[in-house]
Amino acid sequence: MSTMHEANPAVSTSVSPAVSIVIPVYNEEAGLAQLFARLYPALDALGETYEIIFINDGSRDRSAAILREQFQARPDVTRVILFNGNFGQHMAILAGFEHARGEIMITLDADLQNPPEEIGKLVAKAREGYDYVGTIRMQRQDSAFRRYASKAMNALREKITRIKMTDQGCMLRAYGRNIVDAINSCHEVYTFVPALGYTFARRPVEIEVAHEERAAGESKYSLYSLIRLNFDLMTGFSIVPLQWFSFAGICIAALSFLFTAFLALRRLFIGSEAEGVFTLFGIAFFLIGMTLFGIGLLGEYVGRIYQQVRARPRYLVQAVLQGGAAHGEER
Ligand code: UDP
Ligand code: MG
C-alpha cells in the first residue's frame with residue numbers, strides 16, 4: 001500500500017482513499033493540537049491512503065480557526081466541513097459520511113478519549129471482511145455515574161431495539177462503504193449513528209479498545225442531552241415502547257375489571273365500604289402517572305413524525321475546505 005499523500009499532495013484529494021476518518025468538533029480548542037499531534041502520525045504509520053474529515057459543529061471558540069490552520073498545514077489529507085450552527089454530534093458525523101470517499105469509514109471523538117493509535121486495529125478487522133466494527137471501551141475513563149447509567153441504558157436499549165451493541169456510547173467505530181451508503185440514503189432528523197449503522201450491517205463484530213480521559217476541555221453533553229440521546233435511541237429504532245404501553249393498558253384494564261367485580265360482590269354480601277380513601281389516592285395517582293407517561297411517549301413519536309414531515313434541512317454547511325479551495329454548500 002503506498003502512502004501517496006506524501007509523494008504527491010494533490011493526488012489523494014482526487015483519488016478515493018482507503019480510509020476516511022470522521023471527527024466531529026464542538027468547542028475543542030484546548031485539545032485539538034494534541035489530537036493532530038497523535039492522529040496524523042498514527043495514520044501515517046498505517047501505510048494506508050487516508051483522509052481526515054473534521055466537522056466543526058458551530059463551535060463558539062477558536063476550533064474553526066484551528067481547523068482552518070490544520071487544513072492549510074495538511075491540505076493533502078485534511079478536509080474540513082464548517083457548519084453554520086450547532087446541529088449535534090450525530091448530524092456532524094452524518095455530514096462527514098456524505099463527504100467521505102473512503103472504503104472504510106472510522107468515526108472518533110475529538111477529545112482523545114478514543115486513542116488514534118487504536119485505528120489500526122479497526123482497519124485490520126474491517127479488512128478481515130467485517131462491514132461494521134463496534135468497540136467496547138476497556139477501563140472506561142468517565143465518571144462513575146456515567147458508567148452505571150450507561151450500563152443500565154444499554155441493557156434497556158438492547159431489550160427494546162434488539163440492536164446488539166455491548167457499549168453503545170463508544171464512538172470509535174469502523175463502517176464499510178455499503179453501510180455508509182445506506183446511512184447516506186436515510187434522512188432521519190434525529191438519529192444515533194452507531195445504531196443506524198448496525199441495522200444495515202451484514203457482518204458486525206466487536207473489538208476491545210482503550211479509552212482515555214478527556215485530554216482537555218469538558219464533556220459537551222449535559223444530563224439533559226444524554227437523556228434526549230437515549231430517547232432518540234429507544235424511540236428512533238423501535239416501537240416496542242408503544243407496544244409495551246398498550247400491553248400495560250390491557251393488563252390494568254383487566255385488573256380493574258376483576259377489582260370492580262370483587263367490589264360488587266363485596267357490596268352484596270358484606271355491605272358498602274367507606275375506608276381506604278388514601279389507598280384510592282395512591283391507585284389514582286399511579287394511574288394518572290401512567291397515563292401522562294403514555295401521552296408523553298406518544299408525543300415522542302408524534303414529535304418525531306412532525307420533525308420529519310417538515311423536512312427542514314438537518315444541518316447547514318457554511319463552507320467545505322478541501323483540495324485547496326473552499327466551497328459553499330447547503331444541505
Ligand atoms: N460534539 C459535537 N457536537 C455537540 C456535542 C459534541 O460535535 O453538540 C463532539 C465533541 O466535540 C466530541 C464528540 O462530539 O468530539 C463527543 O463529545 P464529548 O466528548 O463531549 O462527549 P462524551 O465523551 O462526554 O460522551
Ligand atoms: Mg468525550
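Just so you know, ligand 1 is whichever comes first in the structure, and atom 1 is the first atom listed for that ligand.
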Excluding waters, which protein N, O or S atoms are within less than 2.8 Å of the Mg ion (ligand 2)? Asp111 OD2, Gln113 OE1
Glu29 side chain vs Arg62 backbone, donor-acceptor pair below 3.5 Å: yes
Check whether the side chains of Tyr40 and Thr78 place a donor and an acceptor atom closer than 3.5 Å, and report yes or no. yes
Take atom OH in Tyr306; do more than 12 heavy atoms of anything else shown fall under 6.0 Å from it? no
Should we say atom CD1 of Ile239 is surrounded by more than 12 heavy atoms from elsewhere, each under 6.0 Å from it? no
Can you list every protein residue that has a heavy atom under 4.0 Å from any atom of ligand 1, sorted by chain and residue number? Pro24, Val25, Tyr26, Glu28, Asp57, Asn86, Gly88, Gln89, Asp109, Ala110, Asp111, Gln113, Arg146, Arg214, Ser219, Lys220, Tyr221
Selection residues 180-205 - residue pairs positive for salt bridge (Lys or Arg N to Asp or Glu O under 4.0 Å), sequence neighbours left out: Arg177-Asp181
Answer with yes or no whether the hydrophobic clustering places Ile55 together with Tyr26; edges join I, L, V, M, F, W, Y residues whose side-chain heavy atoms lie under 4.5 Å apart. no
Could you name each residue pair satisfying ring-ring contact (aromatic ring centres under 6.0 Å, His included) that touches residues 139-172, not counting sequence neighbours? none
Please say which of Glu28, Gln141, Gln113 ends up in a side chain to side chain donor-acceptor pair (under 3.5 Å) with Arg214. Glu28
Tell me whether the rings of Tyr315 and Phe83 are parallel (<30°), tilted (30 to 60°) or perpendicular (>60°). parallel
